[in-house]
Amino acid sequence: MTSYMDMDMDKLKQMKNELTRFMLVYKFALEEMMTKINILEQEFHHTHDYNPIEHVNSRIKSPESIFNKIIRKNYPLSLPAIQNTIKDIAGIRITCSFVSDIYKIAAMISGQADIEVIDTKDYIKNPKGNGYRSFHLIIKIPVFMSDRVEKVFVEIQIRTIAMDFWASLEHKIYYKYDKEIPDRLIRELKDAANSATELDKKMENLHNEISGIKALENSKEELTELHLNDDTFPLPANLLRFLSEKMI
């Protein structure tokens, strides 16, 4: 087996630099997407009076994980081929409060002018056989390097808290039993997935009911103030009147 010491040091250094630049592109793509999601989150919070996003996590596959997938899928072993065939090197998981939020966030992300939607998989309307539910987006986002523009694949998974809890548990069981889960546990997991779906429906119904009550209780004073983070700005009556006339 070839060791690092058997390689030409200059060639090894060049290979490391190429791999570093390759991985950096995915790091920058994640940073671009995280900024976009943060902006959408704040916009949604200020205009709809609640935050639809509970958590956002991101990750980049390790070179070892990428290599293992290449071997498993029998993909060509070159950086350009890897970039074109493996679409989940950069990944983002968005956890939402309610199912309706999943589709709102997916639509807002897909509507960005510089984002190209490559594929969507709706495992909420069409769950996997084991009960897995989530909404997947494969997108391409431009990353501006010093000497080129790279369009980079990013996989985005959007799910509710209940869906995320179920997926985390299923993942742990999957690897605990070395991918050979007993039939009894498979049935239990499927039942748990159905229970999580019912919980999502009940919680969303409660949310809609509470939101309706809150809308009725909004005072006139609240409608004449602008809240941005910790700052409160009174809205001049003349400005409100002017805007009202423009909307007619």
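Atoms considered below: every heavy atom in the structure, side chains included; atoms not considered: hydrogens, waters and symmetry mates. Numbering of residues begins at 1 and proceeds along the displayed sequence.
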Minimum-distance pair of heavy atoms, taken over all atoms of [X] and [Y]:
| X | Y | result |
| --- | --- | --- |
| C96 | D101 | CB-CB, 4.0 Å |
| I82 | P76 | CG1-O, 4.3 Å |
| K140 | F153 | CE-CZ, 3.3 Å |

For this session: Would you check if there is a donor-acceptor pair between the side chains of T95 and E54 at a distance under 3.5 Å?
Result: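 The answer is no; no qualifying pair exists.
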Exercise. Is it true that K201 and E198 have a side-chain N and a carboxylate O under 4.0 angstrom from each other?
Worked result: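 Yes, K201 and E198 are salt-bridged.
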Measuring only between side-chain heavy atoms, which start at C-beta, is [X] closer than 4.5 Å to [Y]?
| X | Y | answer |
| --- | --- | --- |
| I186 | K190 | no |
| R21 | D147 | yes |
| S58 | M34 | yes |
| E32 | V152 | no |

Exercise. When clusters are formed by joining ILVMFWY residues with side-chain heavy atoms under 4.5 Å apart, either directly or through shared neighbours, do M23 and L30 land in the same one?
Worked result: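 Yes, same cluster.
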Problem set entry | hydrophobic_cluster_shared for I53 and I115, side chain cutoff 4.5 Å |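 Yes: a chain of side-chain contacts under 4.5 Å links I115 to I53.
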Problem set entry | Step-by-step side chain to side chain contact (heavy atoms under 4.5 Å, CB included) determination, E155 to K87 | CA-CA 7 Å; E155 182 190 51; K87 299 179 175 64; over 6 Å; no
Exercise. When you measure from the side chain of S195 to the backbone N and O of D191, does any donor-acceptor pair fall under 3.5 Å?
Worked result: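 Looks like yes, one N/O pair under 3.5 Å.
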Exercise. Mind checking whether Y132 and W166 have parallel, tilted or perpendicular rings, split at 30° and 60°?
Worked result: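 Geometry flag for W166 against Y132: tilted rings.
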Problem set entry | Contact list for residues 111-130, test salt bridge (charged side-chain N to carboxylate O under 4.0 Å, His left out), sequence neighbours left out |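 The answer is K36-D114.
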